[in-house]
Undergrad: 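Sharing a structure with you now.
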Amino acid sequence: MDILLESHLYQDTLKLLNETAEAMRLDPNIHERLKKPKRAIMVSIPVRMDDNSVKVFDGYRVQHSLTLGPCKGGIRYHENVSLSEVAALAMLMTFKCSLAGLPLGGAKGGVKVNASKLSRTEKQRLTRRYTSELSMFIGPDKDIPAPDMGTDAQTMAWIMDTYSQELGHAVPGVVTGKPIEIGGSLGRSTSTGRGVIYTVEKACEHLKIKQDKSVKVIVQGFGEVGASAATCADELGLSVVGVSDVNCGLYNEGGLNINAVKEYYAKNKSLKGYKEAQEISNQDLLTLKCDILVPAAIDGVINSKNANQIKARMIAEGANGPVTHDGHKILVDNGKFIIPDILANAGGVIVSYFEWVQDLQNFFWTEQEINSRLRTIMNNNFKVMIETSLNQKVDTRKAAMIAAVHRVSSAMLLRGLYPQ
Ligand code: NAD
């Protein structure tokens, strides 16, 4: 499957798996099996556009592992989506679910499209046809999609409705990240950003950093993950001095008024033009002086070209794969503390798991219960990562991977190979 190797993200994820396998002396047969996804589905999605023409989009769903349970992973709408990128993200999901102790495997989906150029009706038709093409591969017992870049609660509602129409009854458990009215969970939309900041709190304790206004935070990306991470950091009493979206970065040395930035963004759908801050480029934002950097937009933004200029002491990966393999080496050599994506941004999949459980039981929890259970799991994951890092003398990313691969590997060995 050479096609899988096309993206940097897949190559980097594979390098990480290989290094982890070596460090933990992983069974070579398990290593071989983990290198490739269990199943990769490619679909073409014909969509009637508003001008009556028909456009055909490329869609993917990759299921990396079903060993621990049904697959779980987001659906991304972005013009750079490729089978290789989706496969890398699916592999990362296997390890993220495993580290968090969830009874779920890893998957990811995507459509190669610039969703911001679609009308609401076009996006709905695309989503419904994509769902229909995938309907025999997804379901509460098989594979449960969720939102990712370019998709949201409304997109999940359309998936849930299409799948349910085809079955003839409501199946809320087919997706997570849905609106509350149709079986969504309280706290899901902010859970990834909230989880990022729970791990930042633990890392501050570990590094003995006081948690007050003197701690400066910069967040790249102001979507579902970035905006909620910035809000939680602000609520924790840290000073958020920089944020960005795809259009520009904003910087205010004295701290941004996050509520005012959110209001501005909601009204203008862009950070551009916000007056109470200096406008800077996304690239410059990453290398500004700060204590904690949260890249929460896209992958590969910290790499061999800019890693040496990163001034933050701590990098909490809100996005998936925001630091390349080469960039990571430089950061580690420079003594930076990294909270890797499979730990830092696991809050989304953990509350997705809660949503799935609530849907299956038709019994819904309070937001307080959800946040407190989320905190317990995130804190435990952080502890496992630190203990593994100290005991095995490996960096934090490898430590998280060792713990994650260990659980999947044990399950694979217990289940054995079919047929023998
Ligand atoms: P989103 O679409 O809600 O937001 C993405 C943000 O990034 C937007 O503010 C956008 O303007 C910005 N952005 C896009 N391209 C950019 C670029 N080239 N440079 C700078 N900024 C850019 O997406 P999201 O759900 O917040 O996801 C962000 C990242 O977090 C992705 O890597 C995703 O895989 C990961 N993630 C998301 C979740 C979740 O629950 N949504 C969970 C785990 C991981």
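Just follow the structure's listing: the first ligand is 1, and inside any ligand the first atom is 1. In what follows, residues are counted from 1 in the order of the sequence shown.
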Undergrad: Parallel, tilted or perpendicular, judged at 30° and 60°: which one describes the rings of Phe337 and Phe382?
TA: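 It falls in the tilted class, 30° to 60°.
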
Undergrad: Out of the candidates Ile339, Asn345, Asp341, only one should pair with Leu343 under the side chain to side chain contact (heavy atoms under 4.5 Å, CB included) rule; please name it.
TA: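 It is Ile339; the other options fail the test.
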
Undergrad: Check ligand 1 against Ile298 and write out every atom of the ligand that is under 4.0 Å from a heavy-atom position of the residue.
TA: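 Listed by number with element: 15 (N), 17 (C), 18 (N).
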
Undergrad: How close does the nearest protein non-hydrogen atom get to atom 33 (C) of ligand 1, and which residue and atom is it?
TA: Asp148 OD1, 3.3 Å

Undergrad: Please state which protein non-hydrogen atom is closest to atom 6 (C) of ligand 1 and give its distance, to 0.1 Å?
TA: Gly223 N, 3.8 Å

Undergrad: Is any N or O atom of Ser244, backbone or side chain, closer than 3.5 Å to an N or O atom of ligand 1?
TA: no

Undergrad: Looking at Ala319, which atoms of ligand 1 are within less than 4.0 Å of one of its heavy atoms?
TA: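 Matching atoms, with element in brackets: 29 (C), 30 (O), 32 (O), 35 (C).
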
Undergrad: Nearest 0.5 Å please: distance from the CG atom of Leu256 over to the OG atom of Ser239.
TA: 8.0 Å

Undergrad: Examine Lys96 against ligand 1 and note whether any of their N/O atoms are separated by less than 3.5 Å.
TA: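 No, Lys96 has no N/O under 3.5 Å of an N/O on ligand 1.
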
Undergrad: Report yes if Thr192 has an N/O atom closer than 3.5 Å to an N/O atom of ligand 1; otherwise report no.
TA: yes

Undergrad: Can you list the ligand 1 atoms lying under 4.0 Å from a non-hydrogen atom of Gly318?
TA: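 So the answer, numbered in order with elements, is 30 (O), 35 (C), 44 (C).
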
Undergrad: Identify the protein heavy atom lying closest to atom 31 (C) of ligand 1, giving its residue, its atom name and the separation to 0.1 Å.
TA: Ala297 O, 3.3 Å

Undergrad: Check each heavy atom of Asp245 against ligand 1 and say whether those closer than 4.0 Å belong to the side chain, the backbone, both or neither.
TA: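 For Asp245, the contact with ligand 1 is made by both the backbone and the side chain.
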
Undergrad: Give the residue, atom name and distance (to 0.1 Å) of the protein heavy atom nearest atom 9 (O) of ligand 1.
TA: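 The closest heavy atom on the protein side is Phe222 N, 2.9 Å.
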
Undergrad: Does only the side chain of Ser191 get under 4.0 Å from ligand 1, or the backbone, or both, or neither? Count heavy atoms.
TA: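 For Ser191, there is no contact with ligand 1 at all, from either part.
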
Undergrad: Got the closest protein heavy atom to atom 2 (O) of ligand 1, with its distance?
TA: Gly150 N, 3.3 Å

Undergrad: Side chains of Val349 and Cys97: closer than 4.5 Å at any heavy-atom pair?
TA: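 With C-beta onward as the side chain, the pair touches.
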
Undergrad: Quick one: sort the Tyr265 and Phe222 rings into parallel, tilted or perpendicular, breaks at 30° and 60°.
TA: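 Perpendicular: the ring planes of Tyr265 and Phe222 meet at over 60°.
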
Undergrad: Considering non-hydrogen atoms of the protein only, which is the closest contact for atom 16 (C) of ligand 1, and what is the distance?
TA: Val246 CG2, 3.6 Å

Undergrad: Under 4.0 Å, heavy atoms only, figure out whether ligand 1 is touched by the backbone of Arg188, its side chain, both or neither.
TA: side chain

Undergrad: Ile75 and side chain to side chain contact (heavy atoms under 4.5 Å, CB included): which partner among Val81, Thr155, Ile159?
TA: Ile159

Undergrad: How far is atom 37 (C) of ligand 1 from its nearest protein heavy atom, and which residue and atom is that?
TA: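 Sorting protein heavy atoms by distance from atom 37 (C) of ligand 1 puts Val225 CG2, 3.3 Å first.
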
Undergrad: Minimum heavy-atom separation for Ile280 and Leu288, please, with both atom names.
TA: CD1-CD1, 3.4 Å

Undergrad: Name the one of Thr127, Asn114, Asp152 that satisfies side chain to side chain donor-acceptor pair (under 3.5 Å) with Tyr77?
TA: Thr127

Undergrad: Kindly confirm or rule out an N or O of Asn345 lying under 3.5 angstrom from an N or O of ligand 1.
TA: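 No, no N or O pair falls under 3.5 Å.
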
Undergrad: Please say which of Val174, Thr176, Ile138 ends up in a side chain to side chain contact (heavy atoms under 4.5 Å, CB included) with Ile144.
TA: Thr176

Undergrad: From the options Val332, Ile342, Val323, Thr20, select the one residue that forms a side chain to side chain contact (heavy atoms under 4.5 Å, CB included) with Arg397.
TA: Val323

Undergrad: Considering the options Lys38, Lys108, Arg39, which one meets the side chain to side chain donor-acceptor pair (under 3.5 Å) requirement together with Gln63?
TA: Arg39

Undergrad: Among all protein heavy atoms in this structure, tell me which lies nearest to atom 32 (O) of ligand 1, with the distance rounded to 0.1 Å.
TA: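 Checking every protein heavy atom, the shortest distance to atom 32 (O) of ligand 1 gives Asn320 N, 3.1 Å.
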
